[in-house]
Amino acid sequence: NLTLFLLLCFLTVGIGNTDIHLHHELAIARAVRNHDYPEARKIGAKVVDPNRAFTALRAYALSAEGTLGEYLFQYPHPYGTEGLLPDATGGAILPTSVAALYAHWGEQPREGKRALPFFRRLYQAHPQRSELKEYYLCALLLHKDLDTFVSLLRESGCDASTLPRHYREALYLYARMHPDAGVVVTDEALEQAWKRYEEFRAEYSQVRGEANLMRRKCGETYWWYYQY
């Protein structure tokens, strides 16, 4: 009887999680369809264990708004770069959501295709499409490939002060890691944020559960994603 009871409890939790994921998927799809991007950003914002379908849809919503580089790392990314692509084994996704994703990219990834080479090829084939460039840049950040990320920004001749938040954070981190690389990021607010980040790291460095404590303090930065 106890075994049956526990099995029913696990099934209930599983069904409940599936319902939550489906609810979030429907809600974010509706918000994007209505061009209500601020609402789309709020949906499932506190969920720490999203499935791949939802991480892909959230990235799509941010891309549709043009804010992928501004907000992407304010959310958990348990799948890294692969979370930009939906996966049938990682959670259900509605056919209409899949169609919207493929239409946004202009192409359907082949089964088993990895996210980084997929978005690299899309960008190289259509460099004039800003949304594909943003996807590729964010895929590089999720892959923690700062060398290629910085190289691409240099080729673009971007002014660091005009870049989205997470791009500036990544550039600042790169400049700290490679002081002789000639990367200069002048941003007083960013410097103050880095100072606080380093102070928290020093405070929690010998504490059990450092990564989780740092997530609570600085989990909405690219720095936390890169270093933890």
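- In this structure, the side chain of R120 does not engage the main chain of Y136 through any donor-acceptor pair within 3.5 Å.
- In this pair, F119 and Y135 present their aromatic rings parallel. The plane angle is below 30°, not in the 30 to 60° band.
- Taking CG of L137 as the reference point, atom CG of L72 lies at 11.5 Å (rounded to 0.5 Å).
- Using a 4.5 Å cut-off on side-chain heavy atoms (C-beta onward), N34 and R30 make contact.
- Put simply, CG on L173 and OH on Y225 are 13.0 Å apart, with the number rounded to the nearest 0.5 Å.
- At distances below 3.5 Å, at least one donor-acceptor pair connects side-chain atoms of T81 with backbone N or O atoms of H143.
- Annotation: cation-pi pair R215/Y228 absent, no NZ/CZ under 6.0 Å from the ring centroid and within 45° of its normal.
- Side-chain atoms of S63 do not come within 3.5 Å of backbone N or O of A59 as any donor-acceptor pair.
- Aromatic ring centroids of F149 and Y167 lie under 6.0 Å apart.
- Here the NZ atom belonging to K144 is positioned 9.0 Å from the CD atom belonging to Q227, to the nearest 0.5 angstrom.
- Checking side-chain atoms of T221 against main-chain N and O of W224 turns up a donor-acceptor pair under 3.5 Å.
- Between R165 and E169 a salt bridge is recorded (basic side-chain N to carboxylate O distance below 4.0 Å).
- Separation of atoms OH (Y197) and CH2 (W223) is listed at 8.5 Å; rounding is to 0.5 Å.
- With T148 contributing its side chain and D145 its backbone, the two residues share no donor-acceptor pair below 3.5 Å.
- Taking CZ from F118 and NZ from K113, the interatomic distance works out to 8.5 Å, rounded to the nearest 0.5 Å.
- Looking at Y37 and H35, their side chains do bring a donor and an acceptor atom within 3.5 Å of each other.
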